[in-house]
Peer 1: 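My questions will all concern the structure given below.
So that the names make sense, note that chain A is the first sequence line, chain B the second, and so on, each numbered from 1. Predicted model, so just to flag it, every value in this text is computed and none were measured. Note that these values count all heavy atoms, side chains included, but never hydrogens, waters or copies made by symmetry.
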Amino acid sequence: MSAEIPKNYNTKEIEKKWQIFWEKERIYQFNPDSSAPVFSVDTPPPYLSADHLHAGHVMSYTQAEIIIRYHRMKGENIFYPMGFDDNGLPTERFVEKKYNINKSKTTRKEFTDLCLKETAAGGKVYEKFWKSLGLSVDWSLLYSTIDSRSQKTAQRSFLDLFRKGRIYREDAPVFWCTACQTALAQADLEDKEEKSFMRDVKFSLENGDEVVISTTRPELIPACVALYVHPDDERYRKIAGQNAIVPLVNEKVSVRTSPLVDREKGTGLMMVCTWGDVEDVQKWKEDKLPTKLIIGKDGRFNEKAGKYAGLKLREAREAVVRDLEDQNLIVGSREITHVLNIHERCKNPVDFYASPQWFIKILDLKDDLKKRGEEIKWHPSFMKIHLDNWIDGLKWDWCISRDRYYGVPFPVWYCAGCEEIILPEDDELPVDPRESPPRNGSCPRCGESKIKGEMQVMDTWMTSSVTPLINARWQDRKNLMKEIYPMTLRVQAFEIIRTWLFYTLVKSHLHTKTAPWREVMISGWGLGNDGQKMSKSLNNFVAAGAIIEKYSADALRFWACGAMLGMNLRFSEEDVRAGQKILTKLWNAARFIAMNTENMNRKANLSPKNLNSADRWILSELQKLVRSVAEQLDNYEFAKAKILLEQFFWIKFADNYIELIKGRLYGEDAEKKYSAQFALFKTLSALVHLFAPFLPHLTEELYQCFIRNSASPVSVHISPWPEVDGDFDDEKMRKNGKKLMEVIAAIRKIKAEKGVKLSENITALTVGARGLDESFFSNAASDLQNVARANAISFDWQSEKTVDFST
RNA sequence: GGACAUUUAGCUCAGCUGGUUAGAGCGUACGGUUCACAUCCGUAAGGCCGCUGGUUCAAGUCCAGCAAUGUCCACCA
């Protein structure tokens, strides 16, 4: 047998071999007919537009996968799908950039065709990559957020919520990205600090008096519709109720009062425009102020802006300031730093704009949603606070429509005659009202046959928020709702708690009156060498494919599970190399064991009393390891489990135990040799299983080469997780073992330091030996003597005196 | 301004419900081995455990305050 075992572990060949094997044998396939408990997983569908996969992706997917593999080996029926998010704005932007095209200058058909082509290509790259990493995904469950099943689910979600009165359409101010030319939701915004100028501008009152307002947005002066003061502000008591004249446009606006005005801010006199910020929108709503929208959807000023019409925002600001200066109306100006909202996808500043949009009413659900959040078990627990904070801070209903081309269409038509909203039946879905009319062709209310389809598309989260329902085939007659829903586990990173997690919670609360999952697992970020977030625009980008190519998937996975759940992890090639080292070490240890257990009878089961001391020790340590690794994995503490495994394997098993029993393996005493062989094989077998979730390729190779027999499962990944064997779980043995290791250390020290400190070391040695139980020692003495001999020392345990160096 | 997290050896991080001389990996220096190990083993150097107070017989570990870093949120007149 030993002749057949290759000396080196050929990473690339072997990993590829088992990946093909797993697929062929359908090791990871979900079995809907099994009676085993189901463990269903809701994994993030990554955006295909991210055309480079980096080590950060590897980290979060691997961490989740280790937990999943553990549950699979515990005999649970794993439902582990993969999805691709190839829907919506990110994909559009990717295509725009790649082909350098402008959405408004191409037809919808051309554009969506390109999007579909790119997502198909991207999907292939992703699938290949995830497979090369060894993810135990059931690829037969693959979904894409633009495929017809997802569209159907998203549209049915819309219809269901519409019927429940949760969805409304309103022509109101919305967050608007002038670069993408679409409405946005609160969750699509990001903060950005920017330097700007606070300018003090003179306004005249009708009676000729002058007042001063402060603003960072002078270009909105032509859109001013009111001034506000605090009702108790002595300075302005007299002017409240009067009219002011807006400079440059000479329009009359009223001076109103509101207790919400902050007297300390600026001059205490507040200019309200259509609409510069959230305050403006609120005042506009509450006091029914006039509307004077001077910025168009493309970001240019429109005809209502008078002489500034046609200018871009920046140009308009310059022009307005120039004009104000010419008229000596700017009485103060200072540079300030303030934070403005930018669009998360394109980083352009977000404005307000009014146009008809679809909304889901969520502001009245805050308490319910927080309660749903509490039904879920959070790992790590503090991550739940991010959700609560977000819910507390909600100010707007969820705007679900986007003025774009590529995405799931709304299942909505409008009657051209009576403006009735026309909806399809569930069995018609998916529909595309932009392309085809409703089934019965005319308006059910007025009979009008001219019907318009809704041209907007859904927010990408409208689809992503129903991934559990897509997977459970909620929309199908024969669905898996009972089997896999609510799902067992959601895995994701923390930055999309406010989007993906929150929106999914909203949907499942409204559709199924449950939380969507029982547990969530939130991972941190993989950081670049410099500690910054990995991003391909920076030089800290670590292409995951290249690392796998250079080392191995298993080594990269070993790095990925090095941080505790929820913590960020800095990438370091040294750590990957350390992972590679443990692969080699495991391979060699297994090879050694295989060579020395070739002819042993593996069927017989020895009991502790038939074993030598050292063998009982390592097996008792093994039981402790089995117990604690399971404990850690139950708590999603894969990093701690990994450390336990490493330390047991490398230090206790390889450096100490194997060295201790080599003499018996090479010796003539068949009984003593068999005792060691038995412990060696039992330990190796357990280790291969315990390491399997972390290092799936290597452990599969070891299992197939050294462990598997005709009665075993075809793969280590579906073979049973090790259990504690009470017969060998012996604390007394572990205590003796600790002493045993001290004695070995003392022997090595004597060797290393020769004469130096000799007496101390000999004392350590004898004291260590004396600390052992008598029967344990008498049985282990020959093993120790062997170690001593291997270190060129002979020691007389009886007299505790003689030390020879056979130099 | 609010929230959450982090702060322990040169680097990356462990240190559970407080208890003897604070640990691992990598890196560094030195020594040994190459008969499982394109290696491996051993030894050493290196830490006011962010700062300040408090509780306690006893604190890296609990409490309070402060600081730095990261992230999220709020503030945009």
Peer 1: Which whole-number value in Å describes the distance from A:Leu189 CG to B:rC72 C1'?
Peer 2: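 Rounded to whole Å, this separation is 14 Å.
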Peer 1: Is there a side-chain contact between A:Tyr657 and the phosphate of B:rA36, meaning an N or O under 4.0 Å from OP1 or OP2?
Peer 2: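 So the side chain of A:Tyr657 is outside the cut-off, no N or O lying under 4.0 Å from OP1 or OP2 of B:rA36.
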Peer 1: Between the protein and nucleotides 3-6 of chain B, which nitrogen or oxygen pairs are less than 3.5 angstrom apart?
Peer 2:
residue, atom, partner, partner atom, Å
B:rA3, O2', A:Asn389, ND2, 2.9

Peer 1: Where is the tightest heavy-atom contact between A:Ile661 and A:Asp783, given as atom of each residue plus distance?
Peer 2: CG2-OD2, 4.4 Å
Peer 1: Using the 3.5 Å cut-off, write out each protein N or O paired with an N or O of nucleotides 25-27 of chain B and the distance between them.
Peer 2:
residue, atom, partner, partner atom, Å
B:rC26, OP1, A:Lys581, NZ, 2.6

Peer 1: Hey, does A:Trp390 reach any base, or is it just sugar-phosphate, or nothing, if we go heavy atoms under 4.0 Å?
Peer 2: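 Here A:Trp390 touches the backbone only, sparing every base.
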Peer 1: Once you round it to whole Å, what is the distance between C1' of B:rA14 and CD of A:Gln632?
Peer 2: 11 Å
Peer 1: Side chains of A:Arg734 and A:Glu731, heavy atoms from C-beta outward: is any pair under 4.5 Å?
Peer 2: yes
Peer 1: Quick one: A:Asn568 CG to B:rG70 P, roughly how many Å, whole number?
Peer 2: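 Rounding to the nearest Å, CG of A:Asn568 and P of B:rG70 are 12 Å apart.
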Peer 1: When the C1' atoms of B:rG53 and B:rA67 are compared, how many Å lie between them, rounded to an integer?
Peer 2: 15 Å
Peer 1: Under 4.0 Å between any heavy atoms, over every strand shown, what does A:Ile497 touch: base, sugar-phosphate, or nothing? Just pick one.
Peer 2: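 Contact class for A:Ile497: none.
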Peer 1: With rounding to the closest Å, how many angstrom separate the P atoms on B:rA64 and B:rU6?
Peer 2: 15 Å
Peer 1: Let's see if you can work this out: which of B:rA14, B:rA74, B:rA24 has an atom nearest to the side-chain heavy atoms of A:Lys395?
Peer 2: B:rA74
Peer 1: Can you check whether A:Phe382 reaches A:Ile522 side chain to side chain, under 4.5 Å on heavy atoms?
Peer 2: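 When only atoms from C-beta onward are counted, A:Ile522 and A:Phe382 do not touch, as no gap falls below 4.5 Å.
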Peer 1: Tell me the interatomic distance from A:Leu583, atom CG, to B:rA36, atom C1', rounded to whole angstroms.
Peer 2: 16 Å
Peer 1: For A:Val261 and A:Leu569, take the nucleotide of RNA chain B holding the closest heavy atom to each; which residue's nucleotide lies nearer the 5' end?
Peer 2: A:Leu569
Peer 1: Looking at every strand, decide which applies to A:Ser572 at a 4.0 Å heavy-atom threshold: base, sugar-phosphate, or nothing.
Peer 2: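 It contacts nothing in the nucleic acid.
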Peer 1: Under the ring-ring contact (aromatic ring centres under 6.0 Å, His included) rule, collect the residues that match up with A:His379, sequence neighbours excluded.
Peer 2: A:Tyr636
Peer 1: Report the residue (A:Glu279 or A:Asp191) whose heavy-atom-nearest nucleotide on RNA chain B is the more 5′ of the two.
Peer 2: A:Asp191
Peer 1: Could you check whether A:Ala654 gets within reach of a base, just the sugar-phosphate, or nothing at all, counting any heavy atom under 4.0 Å?
Peer 2: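 Answer is base: heavy atoms of A:Ala654 come under 4.0 Å of a base.
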Peer 1: Say you pick atom C1' in B:rG42 and the same atom in B:rA14; how far apart are they, in whole Å?
Peer 2: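 Approximately 23 Å lies between the C1' atom of B:rG42 and that of B:rA14.
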Peer 1: Roughly how many Å apart are B:rA24 and B:rG46, using the C1' atom of each and rounding to a whole number?
Peer 2: 15 Å
Peer 1: Touch check for A:Asp262, heavy atoms < 4.0 angstrom, all strands: base, sugar-phosphate only, or nothing?
Peer 2: base
Peer 1: In whole Å, I'd like the distance from the CD atom of A:Glu659 to the C1' atom of B:rC41.
Peer 2: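 In whole Å, B:rC41 C1' lies 8 Å from A:Glu659 CD.
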Peer 1: Any side-chain heavy atom of A:Phe571 within less than 4.5 Å of one from A:Ile547?
Peer 2: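 Yes, side chains in contact.
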Peer 1: Under 4.0 angstrom, heavy atoms only, what part of the nucleic acid is A:Tyr228 near: base, sugar-phosphate, or nothing?
Peer 2: nothing
Peer 1: If we ignore hydrogens and angles and just use 3.5 Å, is the side chain of A:Ser572 paired with the main-chain N or O of A:Asp575 as donor and acceptor?
Peer 2: yes
Peer 1: Using the test side chain to side chain contact (heavy atoms under 4.5 Å, CB included), find all partners of A:Ala745 that sit at least two apart in sequence or belong to another chain.
Peer 2: none
Peer 1: For A:His338 and B:rC76, give me the distance from atom NE2 to atom C1', rounded to whole Å.
Peer 2: 6 Å
Peer 1: Would you mind telling me which of B:rC41, B:rA14, B:rA74 lies closest to the side-chain atoms of A:Asp655?
Peer 2: B:rC41
Peer 1: Quick one: side chains of residues 263-272 of chain A, donor-acceptor pairs under 3.5 Å with protein atoms, not counting sequence neighbours, listed by atom name and distance.
Peer 2:
residue, atom, partner, partner atom, Å
A:Thr267, OG1, A:Val212, O, 2.6
A:Thr267, OG1, A:Leu269, N, 3.4

Peer 1: Closest heavy-atom contact between A:Thr62 and A:Ala560?
Peer 2: CB-CB, 3.8 Å
Peer 1: Would you please say whether a donor-acceptor pair under 3.5 Å links the side chains of A:Trp284 and A:Thr274?
Peer 2: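 No pair is found: no donor N or O on one side chain lies under 3.5 Å from an acceptor on the other.
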Peer 1: Can you classify the ring geometry of A:Trp525 versus A:Phe494 as parallel (below 30°), tilted (30 to 60°) or perpendicular (above 60°)?
Peer 2: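 Plane angle between 30° and 60°, so tilted.
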Peer 1: List the atom pairs, donor and acceptor, that lie under 3.5 Å between side-chain atoms in residues 645-657 of chain A and the rest of the protein, sequence neighbours left out.
Peer 2:
residue, atom, partner, partner atom, Å
A:Lys652, NZ, A:Glu621, OE1, 3.4
A:Asn656, ND2, A:Ile651, O, 3.0
A:Tyr657, OH, A:Asp615, OD1, 2.5

Peer 1: Distance between the P atoms of B:rG2 and B:rC66, in whole angstroms?
Peer 2: 9 Å
Peer 1: Which whole-number value in Å describes the distance from A:Glu219 CD to B:rC76 P?
Peer 2: 16 Å
Peer 1: Using a cut-off of less than 4.0 Å, is there contact between a side-chain N or O of A:Trp650 and OP1 or OP2 of B:rC41?
Peer 2: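 Affirmative; the distance criterion is met.
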Peer 1: Would the number of heavy atoms belonging to other residues, nucleotides or ligands and lying under 6.0 Å from NZ of A:Lys738 be above 12?
Peer 2: no
Peer 1: For A:Phe203, check ring-ring contact (aromatic ring centres under 6.0 Å, His included) against everything at least two apart and list the hits.
Peer 2: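 Checked A:Phe203 against ring-ring contact (aromatic ring centres under 6.0 Å, His included); zero matches.
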Peer 1: When you compare the protein's N or O atoms with those of nucleotides 63-65 of chain B, which come within less than 3.5 Å of each other, and at what distance?
Peer 2:
none

Peer 1: Which value, in whole Å, describes the distance between the P atoms of nucleotides B:rU12 and B:rG50?
Peer 2: 15 Å
Peer 1: Checking A:Phe175 now: which residues fulfil ring-ring contact (aromatic ring centres under 6.0 Å, His included) with it, not counting sequence neighbours?
Peer 2: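 A:Phe175 satisfies ring-ring contact (aromatic ring centres under 6.0 Å, His included) with A:Phe352, A:Trp396 once adjacent residues are dropped.
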Peer 1: Taking all non-hydrogen atoms of both residues, which atom of A:Arg217 and which atom of A:Gly276 are closest, and how far apart?
Peer 2: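 Taking every non-hydrogen atom into account, NH1-O, 3.4 Å.
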Peer 1: May I ask you to verify if any side-chain N or O of A:Lys640 is less than 4.0 angstrom from the OP1 or OP2 atom of B:rG15?
Peer 2: yes
Peer 1: Roughly how far apart, to the nearest Å, are B:rU21 and B:rA58 at atom P?
Peer 2: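 Here B:rU21 and B:rA58 have their P atoms 15 Å from each other.
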Peer 1: Is A:Gln580 touching bases, backbone alone, or none of the nucleic acid, heavy atoms closer than 4.0 Å?
Peer 2: nothing
Peer 1: Would you call the rings of A:Tyr666 and A:Phe592 parallel, tilted or perpendicular if under 30° counts as parallel and over 60° as perpendicular?
Peer 2: perpendicular
Peer 1: Is a side-chain N or O of A:Thr683 found less than 3.5 angstrom from the main chain of A:Ala679, in a donor-acceptor match?
Peer 2: yes
Peer 1: Not counting sequence neighbours, which residues clear side chain to side chain contact (heavy atoms under 4.5 Å, CB included) with A:Asp287? List them please.
Peer 2: A:Tyr228, A:Arg256, A:Leu289
Peer 1: Give the nucleotide from the list B:rG42, B:rC76, B:rU71 with an atom nearest to the side chain of A:Phe494.
Peer 2: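 That would be B:rU71.
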Peer 1: Polar atom pairs between nucleotides 8-11 of chain B and protein, under 3.5 Å, N or O only, would you list them?
Peer 2:
none

Peer 1: Which whole-number value in Å describes the distance from A:Asn588 CG to B:rU34 C1'?
Peer 2: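 From A:Asn588 CG to B:rU34 C1': 13 Å.
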Peer 1: If pairs are Watson-Crick or G-U with both distances under 3.5 Å, what is the dot-bracket string of RNA chain B, marking crossing pairs with [ ] and pairs to another strand with |?
Peer 2: (((((((..((((.....[...)))).(((((.......))))).....(((((..]....))))))))))))....
Peer 1: How far, in whole Å, is B:rC35 from B:rC62 if one measures between their P atoms?
Peer 2: 50 Å
